[in-house]
Amino acid sequence: SSGINAEYGGGGTNLSYYPDGCVYIATDLWEGARDFLEHNFKEESRIVLDRFLLTIPERLISVPDSSVSAVICFHSLCSSSNVNLALLEILRVLKPGGKMYFIEHVRSKERYTSLWVTQINYAMQMSVWDCQFGDYGSQIERAGFSVIHISERTINFKGIRMMGPMMGLAPHIYGYAVK
């Protein structure tokens, strides 16, 4: 989307997908993401970097209401301590008609994998940037967006044998929601 775009998980990994001339606000809860962002922007002159915000997904305090054309959530709602509040914050900063695009890993619907992931979720939170697996599709549906499109997919990680707790990384949702 042209205009101002905010990306949670703002290391600049997705810059090649942004349109020419867009303004980019990067957010991340990890200070090291700033280094990745600066490196990626050295190779990207089509996009204007507005700022980097070191913050959690539910705190975009310095971004004005209704000022952002699109918010991109790339494996980042899982880092929120309050996903519902993060979604309300996204709705607050989006312009009318603005879109939230997302790709998120979610809790497996397969019984034993889900139980396994639930048991190790605490360890995952401690070791993977406070990551937790949740039912983000349902939370997006309840957040108050006017249009929602959600698809599910189990990711096949090439070269990695998906067994036991690794199966917990495979289920994903992706799509968009419109304010």
Side-chain angles (χ1 to χ4, degrees), residues 1-83 85-106 124-134 136 140 149-151 153 155-160 166 169-179:
S1 176
S2 60
I4 298 175
N5 294 265
E7 183 167 4
Y8 285 121
T13 305
N14 298 310
L15 291 177
S16 63
Y17 298 104
Y18 285 87
D20 292 352
C22 83
V23 177
Y24 182 88
I25 300 171
T27 70
D28 207 300
L29 55 89
W30 180 51
E31 178 66 36
R34 185 186 313 259
D35 296 334
F36 286 109
L37 182 67
E38 290 172 357
H39 172 76
N40 287 329
F41 260 93
K42 285 179 185 174
E43 301 174 13
E44 190 58 71
S45 61
R46 305 173 306 107
I47 300 166
V48 177
L49 175 60
D50 181 77
R51 63 192 127 156
F52 174 83
L53 301 173
L54 183 63
T55 186
I56 54 177
E58 57 269 30
R59 297 188 91 197
L60 289 176
I61 296 165
S62 66
V63 179
D65 294 358
S66 302
S67 63
V68 174
S69 303
V71 173
I72 293 77
C73 295
F74 183 72
H75 292 143
S76 53
L77 288 177
C78 64
S79 299
S80 175
S81 60
N82 186 330
V83 173
L85 188 58
L87 292 169
L88 289 175
E89 189 70 346
I90 289 168
L91 281 165
R92 181 187 68 77
V93 302
L94 279 173
K95 294 178 179 179
K99 293 182 180 177
M100 176 184 78
Y101 297 94
F102 56 88
I103 299 174
E104 296 290 340
H105 47 218
V106 294
M124 290 293 289
Q125 289 178 32
M126 299 302 289
S127 64
V128 188
W129 291 300
D130 206 23
C131 181
Q132 6 185 0
F133 296 91
Y136 305 123
I140 291 168
H149 177 73
I150 300 175
S151 297
R153 181 173 181 131
I155 304 296
N156 179 9
F157 295 95
K158 294 182 178 168
I160 299 175
M166 292 299 291
L169 299 175
H172 281 67
I173 60 168
Y174 62 96
Y176 64 91
V178 181
K179 177 175 181 179

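Under the 3.5 Å distance criterion, the side-chain polar atoms of R34 are left unmatched by any main-chain donor or acceptor of D28. E58 contributes no side-chain N or O that, together with a main-chain N or O of V83, makes up a donor-acceptor pair within less than 3.5 Å. K179 places a side-chain N or O within 3.5 Å of a backbone atom of L91 that can act as its donor or acceptor partner. At distances below 3.5 Å, not a single donor-acceptor pair connects side-chain atoms of Y176 with backbone N or O atoms of K99.
For the pair Y18/E7, a side-chain contact is recorded, criterion being any heavy-atom separation below 4.5 Å from C-beta on. A heavy-atom distance below 4.5 Å is found between the side chains of V93 and V71. Put simply, the side chain of T27 does not reach to within 4.5 Å of the side chain of S76, judged on heavy atoms. At least one side-chain heavy atom of L60 sits under 4.5 Å from a side-chain heavy atom of R92. Between L87 and L77, the closest side-chain pair of non-hydrogen atoms falls below 4.5 Å. Between Y136 and C78 there is a side-chain heavy-atom pair separated by less than 4.5 Å. In this structure the side chain of I140 never reaches within 4.5 angstrom of the side chain of E104, judged on heavy atoms. Contact of the V63 side chain with the L53 side chain is registered, since non-hydrogen atoms from C-beta on lie closer than 4.5 Å.
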W30 vs F36, side chain to side chain contact (heavy atoms under 4.5 Å, CB included): CA-CA, chis, key distance, verdict: CA-CA 11 Å; W30 180 51; F36 286 109; 3.3 Å; yes
Y24 vs F41, ring pair (Phe, Tyr, Trp, His ring centres under 6.0 Å): CA-CA, chis, key distance, verdict: CA-CA 10 Å; Y24 182 88; F41 260 93; 5.6 Å; yes
Show your reasoning for whether side chain to side chain contact (heavy atoms under 4.5 Å, CB included) applies to I90 and C73. CA-CA 10 Å; I90 289 168; C73 295; 3.7 Å; yes
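Of all non-hydrogen atoms in F102 and A177, the two that sit nearest each other are CE2-N, 4.2 Å. Residue G97 comes nearest to V178 through the heavy atom pair O-CG1, 3.7 Å, listed as atom of the first residue, atom of the second, then distance. The heavy-atom pair separating S69 from K95 by the smallest distance is OG-NZ, 3.8 Å.
The distance from the OH atom of Y174 to the NE2 atom of H149 is 6.5 Å, given to the nearest 0.5 Å. Atom CG of D20 and atom CD1 of I47 lie 8.0 Å apart (nearest 0.5 Å).
Surrounding CZ of R59 are at most 12 heavy atoms belonging to other residues, nucleotides or ligands under 6.0 Å away. Within a 6.0 Å sphere centred on CZ of R46, other residues, nucleotides and ligands contribute more than 12 heavy atoms.
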